[in-house]
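Written below as structure tokens is the structure these notes are about.
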Amino acid sequence: MSAPGEERNVLGGPLEPCGTDPMTGFTRDGSCRTGPADLGSHTVCAVVSAEFLEMQRELGNDLVTPRPEYDFPGLRPGDRWCMVAVRWLQALQAGTPAGVVLAATNARALEVVPLEALRSQAVDVPDDLSSL
């Protein structure tokens with residue numbers, strides 16, 4: 001696991017927190033940090049919708065039911081959650097994507113999801129540093 005501050009977001013800046021209510025992240029520290037133990041790559045900071053949660057349940061990924069053994073409270077529409085990158089991409093391709101907080105999405109997500117796809121669902125509108 002990298003030390004806090006070492007991981008970058010998809011825009012190249014420092015990885016910002018994703019969410020603390022509920023506490024998200026593979027390590028439940030509020031950020032989409034990742035490491036060797038995170039086999040699913042929980043790197044996309046998603047803002048989930050009812051449609052997204054229902055589609056995930058239909059795919060066998062129940063994100064609504066609490067699972068205390070995994071320190072998982074269950075999600076409600078509007079919650080921010082570090083999603084498995086492949087699951088987020090699956091939802092986009094199925095037409096029910098979740099919003100994305102780019103500043104809180106780990107650059108490692110780009111190994112699975114193109115930046116353009118993430119930008120297409122961005123709910124934060126960071127400064128476009130490339131135009132400076």
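Heads up: numbering here begins at 1 and tracks the sequence.
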Can you find a heavy atom in the side chain of L53 that is under 4.5 Å from one in the side chain of L75? yes
Using 0.5 Å steps for rounding, measure from the CD atom of E16 to the CG atom of N106. 12.5 Å
Quick one: are M83 and L89 in side-chain contact, heavy atoms under 4.5 Å? no
Report yes if some heavy atom in the side chain of L59 is under 4.5 Å from a heavy atom in the side chain of Q90; otherwise report no. yes
Does any part of the side chain of S31, heavy atoms only, come nearer than 4.5 Å to the side chain of C18, both counted from C-beta? no
Find the distance between CG (L110) and OG1 (T105) and round it off to the nearest 0.5 Å. 9.0 Å
Checking the side chain of R28 only, and the main-chain atoms of D71 only, is there a donor and an acceptor separated by less than 3.5 Å? yes
Search all heavy atoms of G99 against all heavy atoms of V123 and return the closest pair with its distance. CA-CG1, 3.8 Å
side-chain contact (heavy atoms from CB on, under 4.5 Å) assessment of R108 paired with E111: CA-CA 6 Å; R108 296 283 304 273; E111 295 171 9; 2.7 Å; yes
Would you say the side-chain atoms of S49 pair up with the backbone N or O of F52, donor to acceptor, closer than 3.5 Å? yes
Result for side-chain contact (heavy atoms from CB on, under 4.5 Å) between V101 and one of D124, V10, N9 points to D124
Trace of the side-chain contact (heavy atoms from CB on, under 4.5 Å) decision for V44 with L118: CA-CA 9 Å; V44 176; L118 294 167; 4.2 Å; yes
Return the minimal non-hydrogen interatomic distance between V112 and A85, and the atom names on each side. CB-CB, 3.8 Å
Checking E7 side chain against T34 main chain: does a donor-acceptor pair fall under 3.5 Å? yes
With side chains defined as the heavy atoms from C-beta onward, is the minimum distance between F72 and L63 less than 4.5 Å? yes
For the pair C82/C32, is the SG to SG distance below 2.5 Å? yes
Only one of M55, Q56, H42 clears side-chain contact (heavy atoms from CB on, under 4.5 Å) with R87; which? Q56
Pairwise side-chain contact, V100 with W88, heavy-atom cut-off 4.5 Å (strictly under): yes
Do T24 and R80 make a side-chain contact, defined as non-hydrogen atoms from C-beta onward lying under 4.5 Å apart? no
Return yes if some donor-acceptor pair links the side-chain N/O of D38 with the main-chain N/O of S41 below 3.5 Å, else return no. yes
Is any side-chain heavy atom of L15 closer than 4.5 Å to a side-chain heavy atom of R8? no
Going by an N to O cut-off under 4.0 Å, is there a salt bridge joining E116 and R119? no
